[in-house]
Amino acid sequence: MTEGRALAIAAVKRELAEMEAYDAAVEQGLKVRGSRRRAGVSMVYSVRLDTLEVDALERRAVYLGLKPSVLARNLIRIGLQPGRNEEVSLAINRLETAVEELRGLVS
């Protein structure tokens, strides 16, 4: 095995160990924070946004005819989907364009 290959394998092993340690820390943190009250299958989760983010969220929600909380929840769900972020983002952009065209035709 070449020295370069050995270094690359060692780097990958380090990254895997870091990811496993991170996953374990997140899992432990979730266990420690188990004091959250869950009502049924969902729960309230507070998220801090700056004023520009809130304004953008509210503008987009109005544009799409949604409540800001519904849009935020959908954006979080999209962001948490593994491996489909780019595909979903492009689909949302196409949908927004189509909605804009429809609104233009109706006006």
Side-chain angles (χ1 to χ4, degrees):
M1 181 176 349
T2 66
E3 183 179 344
R5 185 171 181 197
L7 290 173
I9 290 172
V12 169
K13 286 182 179 180
R14 272 194 310 276
E15 287 182 29
L16 288 172
E18 288 173 7
M19 287 189 275
E20 288 173 2
Y22 177 80
D23 288 345
V26 168
E27 188 174 318
Q28 183 60 32
L30 291 175
K31 288 178 184 174
V32 170
R33 300 177 85 169
S35 62
R36 295 185 192 135
R37 286 184 282 159
R38 296 176 187 250
V41 295
S42 67
M43 62 181 276
V44 174
Y45 194 87
S46 177
V47 177
R48 185 173 305 277
L49 303 172
D50 66 33
T51 55
L52 293 175
E53 292 168 328
V54 171
D55 291 344
L57 179 69
E58 290 175 344
R59 275 194 311 275
R60 184 174 285 192
V62 167
Y63 177 77
L64 295 172
L66 299 171
K67 293 181 180 180
S69 59
V70 172
L71 178 58
R73 188 168 46 248
N74 289 338
L75 291 171
I76 289 169
R77 287 177 179 150
I78 290 167
L80 293 175
Q81 288 183 348
R84 296 191 52 205
N85 292 338
E86 186 174 333
E87 180 184 331
V88 171
S89 181
L90 291 172
I92 289 172
N93 289 337
R94 287 192 304 270
L95 177 63
E96 287 178 342
T97 302
V99 168
E100 187 175 331
E101 289 175 14
L102 288 171
R103 286 190 175 147
L105 292 172
V106 173
S107 311

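Everything numeric in this text was worked out from a predicted model, so none of it was measured. Counting begins at 1 with the first residue of the sequence.
- Under the 4.5 Å side-chain contact rule for hydrophobic residues, Leu75 and Val70 share a cluster.
- Taking NZ of Lys13 as the start and CD of Glu15 as the end, the distance is 13.5 Å to the nearest 0.5 Å.
- A salt bridge (Lys or Arg N to Asp or Glu O under 4.0 Å) check over residues 57-71, counting only residues at least two apart or in different chains, returns the pairs Arg60-Glu96.
- When the side chain to side chain contact (heavy atoms under 4.5 Å, CB included) test is applied to Leu49, the partners found at least two apart in sequence or on another chain are Val47, Glu53, Val54, Leu57.
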